[in-house]
Amino acid sequence: MVSNLVIIKLQEADKIPYDLLLLADPSRENVDKYIFNSAIYLANSNGSSIGCYVLCPLDNNTIEIKNIAVAIRHQAKGLGTHLLHDAMEKSKIDGFKKIVIGTGNSSTRQLNLYQKLGFKITAIKSDYFRDNYDEPIFENGTQCTDMIVLTKEL
Ligand code: COA
């Protein structure tokens, strides 16, 4: 995968890795709605930040992965899968029973990845991306309109 990988939890005084976070969520305004109530985990390799994920508890039993991103040149090498396993393991240790992730209807590779790891589609928030983003989002020619919510029991 990548060499000398360490995953660290960001402390309050640390710089927020917007460059990575905006790969998964194109609206900084939207990121700022959850980032200050969430824990950010950063994947570092040889001194560079190459990935991250963000966890936000929804209630005592359920936690959401609000954002997961791998730097473009490190994608498709297994790091995203590793980060998802790490997020699930940490959440289980912290006593959560369910983990949730939301993605767009047009994010077919992400949908495939999450389902391969055992997440099941549990809800669809129709027109979520139309209603909450100023600019239309397109992926491979398909408009991203609905949020697909996937859940996994821990
Ligand atoms: N974009 C989306 N999905 C990708 C991808 C890419 N560039 N590259 C691979 N995948 C999918 C594939 O389904 C792959 O399965 P396969 O190996 O059977 O083809 C699966 O992810 C696992 O690959 P892995 O190497 O572990 O993933 P990754 O390190 O590229 O991380 C993402 C996956 C989605 C976190 C990463 O590609 C990324 O940061 N994309 C941009 C931000 C984003 O979309 N975040 C998720 C928002 S819901």
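Note that ligands are numbered from 1 as they come in the structure, with each ligand's atoms numbered from 1 the same way. Reckoned from all heavy atoms, side chains included, excluding hydrogens, waters and symmetry mates.
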Subject >> Partners meeting side chain to side chain contact (heavy atoms under 4.5 Å, CB included) with Ile124 (sequence neighbours left out) >> reply: Asp146, Ile148
Original post:
Any chance the side chains of Ser3 and Asn46 put a donor and an acceptor closer than 3.5 Å?
Top reply: yes
Mind listing the side-chain donor-acceptor pairs of residues 54-64 below 3.5 Å, one per line with the distance, residues two or more places apart or on another chain?
residue: Asp59; atom: OD1; partner: Asn61; partner atom: N; Å: 2.8
residue: Asp59; atom: OD1; partner: Thr62; partner atom: N; Å: 2.8
residue: Asp59; atom: OD1; partner: Thr62; partner atom: OG1; Å: 3.4

Taking only distance into account, with no hydrogens and no angle test, what donor-acceptor pairs under 3.5 Å do side-chain atoms of residues 8-23 form with protein atoms, sequence neighbours excluded?
residue: Gln11; atom: NE2; partner: Lys9; partner atom: O; Å: 3.2
residue: Asp14; atom: OD2; partner: Gln11; partner atom: N; Å: 2.8
residue: Tyr18; atom: OH; partner: Asp32; partner atom: OD1; Å: 2.5

**OP:** Before giving the answer on side chain to side chain donor-acceptor pair (under 3.5 Å), spell out for Asn44 and Ser49 the whole-Å C-alpha distance, their side-chain angles and the decisive distance to 0.1 Å.
**Re:** CA-CA 4 Å; Asn44 287 332; Ser49 300; 3.0 Å; yes
Subject >> ligand 1: protein residues within heavy-atom distance under 4.0 Å >> reply: Leu23, Ala24, Ile68, Ala69, Val70, Gln75, Ala76, Lys77, Gly78, Leu79, Gly80, Thr81, Gly102, Thr103, Arg109, Gln110, Asn112, Leu113, Tyr114, Lys116
Subject >> Heavy-atom check, side chain of Asn112 versus side chain of Thr108, under 4.5 Å >> reply: no
